[in-house]
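Chain identifiers are assigned alphabetically (A, B, ...) following the order of the sequence lines, protein sequences preceding nucleic acid strands; residue numbering begins at 1 within each chain.
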Protein chains: 2
Amino acid sequence: MNSYTATPRTRVRRLPKRAVYDKAQVHAILDEGVVCHMGFSHQNLPYVIPTLYGRVGDTLYMHGSGASRTLKTMAEGIDVCVTVTLLDAYVLARSAFHHSMNYRSVVVLGRARPVREEGPKLAALQAITDHIVPGRWDEVRGPNALEMKQTLVLELPLTEVSAKVRTGPPVDDEEDYALPVWAGIVPVHSTVTQSIPDERLLAGAPQFDVRRLARRARATP
Amino acid sequence: MNSYTATPRTRVRRLPKRAVYDKAQVHAILDEGVVCHMGFSHQNLPYVIPTLYGRVGDTLYMHGSGASRTLKTMAEGIDVCVTVTLLDAYVLARSAFHHSMNYRSVVVLGRARPVREEGPKLAALQAITDHIVPGRWDEVRGPNALEMKQTLVLELPLTEVSAKVRTGPPVDDEEDYALPVWAGIVPVHSTVTQSIPDERLLAGAPQFDVRRLARRARATP
């Protein structure tokens, strides 16, 4: 299966031409993002928290340390909506109405469950750490028993998934093309330019090459 | 009142030293962001959608055109959680556990209501448009009657509000400072470098100065 199957909940109704269900595209968006926004309901009220995440195949892992008490106390899992949004450009049209953004976003629906077994939990933490910087897990001290206990990891199968993608120039009403207004797009990039070593860095420690973050950020070292 | 009052729902329990309730700081984060993530519950399940927004004083306005049918059909408003997150740096520690991000995020809780009256709705749309590019509203064709009808605007009072801010270097366990691992932070910037004029731009149309986006993106024209 190279595509996710649209469900009543993930079928994109608004501007369906922007809908993407292709797995490779969905995975690429998830892998390029840094932070997801995870929504859940508690006592029938919505909450949205930003958190780090990682992906292994068709499973998303969310780091729960920044999550609420609600998440920590659940045993059977919790229904979530995890959204990852990448901004690509400001879209400036000739009319206010047609202003927009070029973006790529993924919405994942489903039940997130805590990962409790040590092996899978370590693998999930590796995915989350390596999602920040590829290969980082092998360079740093791994979690000890206390840290493992203090860390909440949620797993969410990539089953009910949809993406929306907008690209290209503004689309104006035909008569508005005669207006002497600047219109076009302004690309926006997530850029890393330098690394700032910790003050207590050992003299013999290796350098850090910011191009390792280039997967998601256009590094200009 | 220069600060928001913490409520049981907005009191930051996890890492409370990162909590910020100061209005000026909250407003600055909201004004620097481009897209918010709005969460709501529908049939007891959570949804999180990215959308454009704008702020006027202590009211947030969300653009609802990308929103679901759920939002469009509500009359009495809907409980939402609107979260805006700005990433400032990757925080690379000597241990996997202490990896983090420097970030500034705002969470707004409350009941969002559709803005129906023409005057307030126009003012809200101006706020949303000018949030994309300051001053843009006065340069472009304003919405006509049909566009006004097609556009959903939600208003959310900034009442239950909290922010979280992490800054500074990684904080490692004391014994880990002896490890020969690179540690430090890698700042990430949202950068605009060029504008791409629409193919049908009139020859006499004014230029666009990308520094107008500098409020939120470090413009390097």
Side-chain angles (χ1 to χ4, degrees), chain A residues 13-14 34-35 37 39-41 44-48 50 66 69 79-81 83 85 87 90 94-97 99 105 125 129 132 137 139-143 147 169-170 176-177 179-186 188-192 195-198 200-202 204-206 208 210 213 217, chain B residues 13-14 34-35 37 39-41 44-48 50 66 69 79-81 83 85 87 90 94-97 99 105 125 129 132 137 139-143 147 169-170 176-177 179-186 188-192 195-198 200-202 204-206 208 210 213 217:
Chain A
R13 294 186 179 89
R14 168 79 195 167
V34 181
V35 161
H37 283 82
F40 59 93
S41 299
N44 226 353
L45 291 172
Y47 295 87
V48 177
R69 196 174 288 181
D79 290 309
V80 298
C81 173
T83 300
T85 306
L87 287 187
Y90 300 87
R94 294 155 181 90
S95 63
F97 182 74
H99 276 66
S105 67
L125 287 171
T129 305
I132 304 173
W137 184 261
E139 301 171 354
V140 298
R141 176 179 65 72
E147 291 170 345
D176 289 337
Y177 284 93
L179 296 174
V181 176
W182 191 89
I185 68 171
V186 183
V188 54
H189 302 281
S190 176
T191 312
V192 294
S195 58
I196 302 174
D198 187 59
R200 293 177 64 182
L201 193 67
L202 291 190
F208 184 77
V210 297
L213 298 165
Chain B
R13 295 186 181 89
R14 169 79 193 166
V34 181
V35 161
H37 283 81
F40 58 94
S41 299
N44 228 352
L45 291 171
Y47 295 87
V48 178
R69 197 175 286 180
D79 290 309
V80 298
C81 174
T83 300
T85 306
L87 286 187
Y90 301 87
R94 294 155 181 89
S95 63
F97 182 75
H99 276 65
S105 68
L125 287 170
T129 305
I132 304 174
W137 183 261
E139 301 171 353
V140 297
R141 176 178 66 72
E147 290 170 345
D176 289 336
Y177 283 94
L179 295 175
V181 176
W182 191 90
I185 68 171
V186 183
V188 54
H189 302 281
S190 176
T191 312
V192 293
S195 57
I196 303 175
D198 187 59
R200 294 177 65 182
L201 193 67
L202 291 189
F208 183 78
V210 297
L213 298 165

Heavy-atom pairs under 4.5 Å with chain A are the metric here; pick the option from Val80(B), Ile185(B), Thr129(B), Thr85(B) that has the most.
-> Ile185(B)
At a heavy-atom separation under 4.5 Å, does Leu45(B) approach chain A through its side chain, its backbone, both, or neither?
-> both
Greatest number of heavy atom pairs closer than 4.5 Å to chain A - which of Leu179(B), Asp176(B), Val35(B) = Asp176(B)
Do the side chain of Ser41(A) and the main chain of Ser41(B) share a donor and acceptor less than 3.5 angstrom apart?
-> no
What option among Pro170(B), Pro197(B), Pro169(B) has the most heavy-atom pairs under 4.5 Å with chain A?
-> Pro197(B)
Supply the atom-to-atom distance His99(A) NE2 to Tyr90(A) OH, rounded to the nearest 0.5 angstrom.
-> 12.0 Å
For residues Glu147(B) and Gly142(B), report the shortest heavy-atom separation together with the two atoms involved.
-> OE1-O, 4.1 Å
With chain A, the option among Ile196(B), Val186(B), Leu202(B), Leu201(B) that has the most non-hydrogen atom pairs under 4.5 Å is Ile196(B)
Output the option from Gly204(B), Ser105(B), Ala205(B), Ala183(B) having the highest count of non-hydrogen pairs under 4.5 Å with chain A.
-> Ala183(B)
Contacting region of Asp79(B) [heavy-atom separation from chain A under 4.5 Å] = both
Indicate the atoms forming the closest heavy-atom contact of Val188(A) with Ser190(B), along with that distance.
-> CG2-OG, 3.0 Å
Highest number of heavy-atom pairs under 4.5 Å with chain B among Trp182(A), Phe97(A), Tyr177(A) belongs to Trp182(A)
Decide side chain to side chain contact (heavy atoms under 4.5 Å, CB included) for Leu125(A) and Trp137(A); before the verdict, give the C-alpha distance in whole Å, the side-chain angles of both, and the deciding distance to 0.1 Å.
-> CA-CA 9 Å; Leu125(A) 287 171; Trp137(A) 184 261; 3.9 Å; yes
Could you go step by step and tell me if Asn44(B) and Asn44(A) meet the side chain to side chain contact (heavy atoms under 4.5 Å, CB included) rule?
-> CA-CA 6 Å; Asn44(B) 228 352; Asn44(A) 226 353; 3.1 Å; yes
